[in-house]
2 protein chains.
Amino acid sequence: MEKRDAEKDILEAAKKVFITKGSAGARIQEIADMANINKAMLYYYFKTKEQLFNRIIEDAAMLMSQNIIPALIGDKNIIDKLEQLTENYIDTLSEHPYIPIFILSELNQHPQTFQDKVQSRITDSNVLPNLFQQILLEQQQNKIKPIAPQHLILTVMSLLVFPFVAKPIFTQLFKMGETQYVRFMNERKAEVKKIIRLLLKPNP
Amino acid sequence: MEKRDAEKDILEAAKKVFITKGSAGARIQEIADMANINKAMLYYYFKTKEQLFNRIIEDAAMLMSQNIIPALIGDKNIIDKLEQLTENYIDTLSEHPYIPIFILSELNQHPQTFQDKVQSRITDSNVLPNLFQQILLEQQQNKIKPIAPQHLILTVMSLLVFPFVAKPIFTQLFKMGETQYVRFMNERKAEVKKIIRLLLKPNP
DNA sequence: GTCTATAGCGGGATAGAC
DNA sequence: GTCTATCCCGCTATAGAC
């Protein structure tokens, strides 16, 4: 029998409600109900709706960047790094499929949020410039085919993230249930890796 | 000197506000102000906020499907069709970059919307089953490499749509201005077509 | 068709007892 | 820490004069 932790319950409920309804559409009452807690109690733990929301979106952004950065650092070659990223990303997002659309949608409405809460972590780590440099270096060494680093990165991110962003559309369009969706996204790892190799592996 | 058309002004303003703030975040007052019209006048033309919103999202969905369907029907081969789609889509979305994130985000919050307003148009036209059939046929004839139709479609859609969905992220990440973004998205047409050919063109 | 004024209420936030 | 009651603002929507 575990001790009931109000703050944890609130965060869990808030996550669900904010992610499905968005910042403006979410109702504090609904979060409180879902956490089996009084609305006043919620304000006892989190001073304002905005503060609670910030906490949720920070957690979500953290979850995302935690999977990018480790896959991309180290001294493996580019193809290995991107394949590792594919594994990590699809696994994590399969467990949290609504995170990307939530982040992107909120970012669209408040672009400053990104600057403040997400970019700093990526910029500070210097992952991106290092990756660019490695791509250009491996090209000079003829280890991979020529491609603009921006296009390569955007292509891989597109292939990884979009299927989750568009989940509601394409599960309905392809008439998939939840189980089929998960299986499909697992197949998709191989598909994305195939494209990465097609793009980068030099012709023999 | 053109005649002032209130209804048109409202729709134009509503489009901007709904797309940037979302359905729940949008304020009727802001739409009215932007349309240089009285708030009561707005209710004269559109009975409720919801009705106005529905009109906006229907227009947006229409704009999207208008570009998919024509590129995919007819008797061209798959590669030509997908390359045509690439041209149409990136051109249209470059003019309306915030439409995809708007639609996807609202769809996520109200999945029923899709069933009602978008899917019917696509389902009725029978584009998707026909396309699937053509893909399988060309594979049997060894005109294209083997690939599951679902993965092919999802890959192409990812490559086309995601750069717009993630526009705020990657313009900031790659430190791009509006002009550079447009130029980059134009380059991207060639990049996407290259990937389509890599995926489908049989090795000689 | 256009405008002013206002109804009416949903929902964020707080007071204050226990 | 927990709860009830309530404040009060902002917002959708309407009434009604012109």
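First the proteins, then the strands, lettered A, B, ... as listed; each starts at 1. Given the structure is predicted, the values throughout are model-derived calculations rather than measurements.
In this structure, CG of A:Leu42 is placed 14 Å from C1' of D:dC3, rounded to the nearest angstrom. Rounded to whole Å, atom P of D:dC7 lies 21 Å from atom CD1 of A:Ile28. If you take NZ of B:Lys39 and C1' of C:dG1, they are 18 Å apart, rounded to a whole angstrom. Between the NZ atom of A:Lys47 and the P atom of D:dG1 there is a distance of 12 Å, rounded to whole Å. What separates CZ of B:Phe53 from C1' of D:dA13 is a distance of 19 Å, to the nearest Å. When the P atom of C:dG11 is taken as reference, atom CZ of A:Phe18 falls 14 Å away, rounded to whole Å. Atoms CD1 (A:Ile31) and P (C:dA13) sit 11 Å apart, rounded to a whole Å. Atom NZ of A:Lys49 is separated from atom C1' of D:dG10 by 13 Å (rounded to the nearest Å).
Looking at heavy-atom distances under 4.0 Å, B:Ala24 makes no contact with the nucleic acid at all. Across all strands, B:Ala32 comes closer than 4.0 Å to no nucleic acid atom at all (heavy-atom distances). Within 4.0 Å (heavy atoms only), A:Phe46 reaches no atom of the nucleic acid at all.
Heavy atoms only, all atoms of each residue included: B:Lys81 and B:Leu72 are closest at NZ-O, 3.0 Å. Among all heavy-atom pairs drawn from B:Lys145 and B:Leu198, the shortest one is NZ-O, 3.0 Å.
Distances shorter than 4.0 Å separate none of the side-chain N or O atoms of A:Tyr44 from OP1 or OP2 on D:dC3. Listed pair B:Arg27 / D:dG10 fails the phosphate criterion, with no side-chain N or O lying under 4.0 Å from OP1 or OP2. Between A:Tyr43 and C:dT14, a side-chain N or O to OP1/OP2 separation shorter than 4.0 Å is absent.
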Check step by step if side chain to side chain contact (heavy atoms under 4.5 Å, CB included) holds for B:Phe53 and B:Lys49.
CA-CA 6 Å; B:Phe53 175 77; B:Lys49 182 187 180 180; 5.5 Å; no
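Picking from C:dG12, C:dC3, D:dT2 the nucleotide with the shortest atom distance to the side chain of B:Met41 gives C:dC3. Distances from the side chain of A:Ala40 to the nucleotides C:dA13, C:dA15, D:dA13 place C:dA15 closest.
Checked for salt-bridge contact, A:Lys193 and A:Glu87 meet the test: a charged N lies under 4.0 Å from a carboxylate O. Ionic pairing of A:Lys21 and A:Glu30 is present here: one or more N-O contacts between side-chain nitrogen and carboxylate oxygen are shorter than 4.0 angstrom.
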